[in-house]
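Contents: one structure, followed by commentary.
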There are 2 protein chains.
Amino acid sequence: MADAAGPRNDEAIPDATVARLPIYLRGLVELSDDGVGTVSSVVLASLAGVNAANVRKDMSYLHADGTRGVGYDVDHLIGEISLVLGGGVPSPVVIVGVGNLGRALSRYDGFVAGGFPVAGLVDADPAVVGRRVAGNVVRSVEDLGALVAETGCTVGIVATPASAAQAAVDSLVASGVTSILNFAPTVVTVPERVDLRQVDLATELQILGYHQHHRAVEARSGRATG
Amino acid sequence: MADAAGPRNDEAIPDATVARLPIYLRGLVELSDDGVGTVSSVVLASLAGVNAANVRKDMSYLHADGTRGVGYDVDHLIGEISLVLGGGVPSPVVIVGVGNLGRALSRYDGFVAGGFPVAGLVDADPAVVGRRVAGNVVRSVEDLGALVAETGCTVGIVATPASAAQAAVDSLVASGVTSILNFAPTVVTVPERVDLRQVDLATELQILGYHQHHRAVEARSGRATG
DNA sequence: AATGCCATGTGAAATGGTGCACAAGCGCCT
DNA sequence: AGGCGCTTGTGCACCATTTCACATGGCATT
């Protein structure tokens, strides 16, 4: 019953809204650092680069408690969004694959700031195992289960080559990790209970390439049509 | 009129479809390497992790020329998708910001393979300028305009700290770059004619964090409800 | 040449998300 | 105490996307 006094909106927050919450959070923290106490949906919208009505609708899924005529309390919103995005408790992550990308990710400040400290690194290459990277000793991928158990990691980052990605994912799943961020440029599959997100660097450029090419073709045909 | 004999579907390909084309392309290249000549929408769908009807609808925006009862010609599809995604011509890219992430990106094989060779690196830090990274000498951000003009880059990657991102974007735009991929964790604005995509590493983890937390809360309340 | 099998291509319904427009409500100022 | 201006919260319509279901049509086999 004491528990039931908590959030009522745990029911469901649309994916599109969840994807925007971290953006809001960044803007709000900045405002808070500047000593700003309240913010309107219009201002927050411009900070996040979205529509103001969209902000208000997003906030309606949280316990935003905005006051009409005034706006939202910045610190309160920070608290609510932080709570929704992981309960306010830091989640240590383990990175599989210590190549170029893995090393860069292990040193990426934003992870720590976002509540995701790097708790360990593993790699399949014996030449890399044992080396110190960004304050962590690289361990063998065979130790993954032990590492996850020791550190209580529930989030894994895959930064292996594409050919090793599915095996890395399988190892993470077997170790009990329930959220995986995959940077390898390949489609991987996970059990339904595991949450997977894909970040595909080359794909992003190719999408840009489409629009670029499309613009060029259109401009040319526009000229030719005259 | 001779021009009109070309693609008729230049009109518009939905964004959601464009975002899937690189995924299809990867799977198709793999099939081609394995000597597979034709592919059905069902197989391609499983390779890309999407619905088969979705594949067929996507293909209908291209000159897929699938044959009923057989499927699509793999090499033909590769050609069509490559054409749509940038005209088949490689687009050199320039990377702004040679920190951890910038270095990793400059060495990332996938860019070259995807038709986006790194043509140059720039940084604002004089201590970094002049150093050699991944076969490129880092140049000053002040040389950006010249570098873009020399190499004909039309795509820029921003890998600076958040505080320098907007300035980096502005410089790229001023240099004539028309497509920008921003890795800095901040919202940046560009003129309407410039295409911008945002890749936010920490945000991706935070989104995973929501689902993780949500699962935990649900499991707890599920138990409590009993 | 005819028939059966199989996969494409597509109309239409369902879904999810966005943005407008406006009613409701809070605080400040008089 | 009352009224005014400002901002939230939300019903509704629009748009994009996904998915189903099925008609269409080519290929192989007989």
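FYI, side chains are in, hydrogens and waters are out, and symmetry mates aren't considered; it's all heavy atoms of this structure. Chain naming here is simple, since letters A, B, ... match the order of the sequence lines and numbering starts at 1 in each.
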When the distance from [atom1] of [X] to [atom2] of [N] is rounded to whole Å, what number comes out?
{"X": "A:L62", "N": "D:dT10", "atom1": "CG", "atom2": "P", "result": "13 Å"}
{"X": "B:R20", "N": "D:dT17", "atom1": "CZ", "atom2": "C1'", "result": "8 Å"}
{"X": "A:I13", "N": "C:dG16", "atom1": "CD1", "atom2": "C1'", "result": "16 Å"}
{"X": "B:L77", "N": "C:dA7", "atom1": "CG", "atom2": "C1'", "result": "14 Å"}
{"X": "A:M59", "N": "D:dT10", "atom1": "CE", "atom2": "P", "result": "14 Å"}
{"X": "B:R56", "N": "C:dG11", "atom1": "CZ", "atom2": "C1'", "result": "13 Å"}
{"X": "B:N54", "N": "C:dT10", "atom1": "CG", "atom2": "C1'", "result": "14 Å"}
{"X": "B:D58", "N": "C:dT8", "atom1": "CG", "atom2": "C1'", "result": "14 Å"}

Report all side-chain donor-acceptor pairs from residues 68-76 of chain B shorter than 3.5 Å, counting only partners two or more places apart or in another chain.
residue : atom : partner : partner atom : Å
B:D73   : OD2  : B:D75   : N            : 3.3
B:D73   : OD2  : B:H76   : N            : 2.8
B:D75   : OD1  : B:S32   : OG           : 2.9
B:H76   : NE2  : B:H63   : O            : 2.9

Check the phosphate of [N] against [X], side-chain N and O only, distance under 4.0 Å to OP1 or OP2. Yes or no?
{"X": "A:Y72", "N": "D:dG9", "value": "yes"}
{"X": "B:Y61", "N": "D:dT17", "value": "no"}
{"X": "B:N51", "N": "D:dC20", "value": "yes"}
{"X": "A:S41", "N": "D:dT8", "value": "yes"}

Which comes earlier along DNA chain C counting from the 5' end, the contact point of B:V39 or that of A:D15, where each point is its nearest nucleotide?
B:V39
Note: for A:V50 and B:A64 on DNA chain C, the residue whose nearest nucleotide lies more 5' is B:A64
What nucleotide, of D:dC27, D:dC20, C:dG27, holds the atom closest to the side chain of A:V70?
C:dG27
Given D:dT10, C:dG17, D:dC27, which nucleotide is nearest the side-chain atoms of A:P14?
C:dG17
For the student: nearest non-hydrogen atoms of A:V169 and A:T189, plus distance:
CG1-O, 3.9 Å
Atom of B:L172, atom of B:V94 and distance for their closest heavy-atom approach:
CD2-CG1, 3.8 Å
Keeping A:D34 on the side-chain end and A:V36 on the backbone end, is there a donor-acceptor pair under 3.5 Å?
no
Would A:T17 and A:D58 count as having a side-chain donor-acceptor pair, cut-off 3.5 Å?
yes
Cut-off 3.5 Å, side chains only: do A:Q212 and B:S91 have a donor facing an acceptor?
no
Of the residues in residues 28-36 of chain A, which ones touch DNA chain C at a heavy-atom distance under 4.0 Å?
none
Output for pair (A:L62 CG, A:M59 CE), nearest 0.5 Å, gives 6.0 Å
Using a heavy-atom cut-off of 4.0 Å across all strands, would you classify B:A16 as base, sugar-phosphate, or nothing?
sugar-phosphate
What about A:R68, does its side chain sit under 3.5 Å from the base of D:dT7 through a donor-acceptor pair?
no
Show the distances under 3.5 angstrom between N or O atoms of the protein and N or O atoms of nucleotides 11-13 of chain D.
residue : atom : partner : partner atom : Å
D:dG11  : O6   : A:K57   : NZ           : 3.3
D:dC12  : N4   : A:K57   : NZ           : 3.4

If you count every heavy atom of other residues, nucleotides or ligands that lies below 6.0 Å from A:D109 atom CG, does the total exceed 12?
no
Decide yes or no for B:R26 and A:T203: does some side-chain heavy atom of the first lie under 4.5 Å from some side-chain heavy atom of the second?
yes
For the pair A:H214 and A:Y210, name the ring-plane relationship: parallel under 30°, tilted 30 to 60°, perpendicular over 60°.
parallel
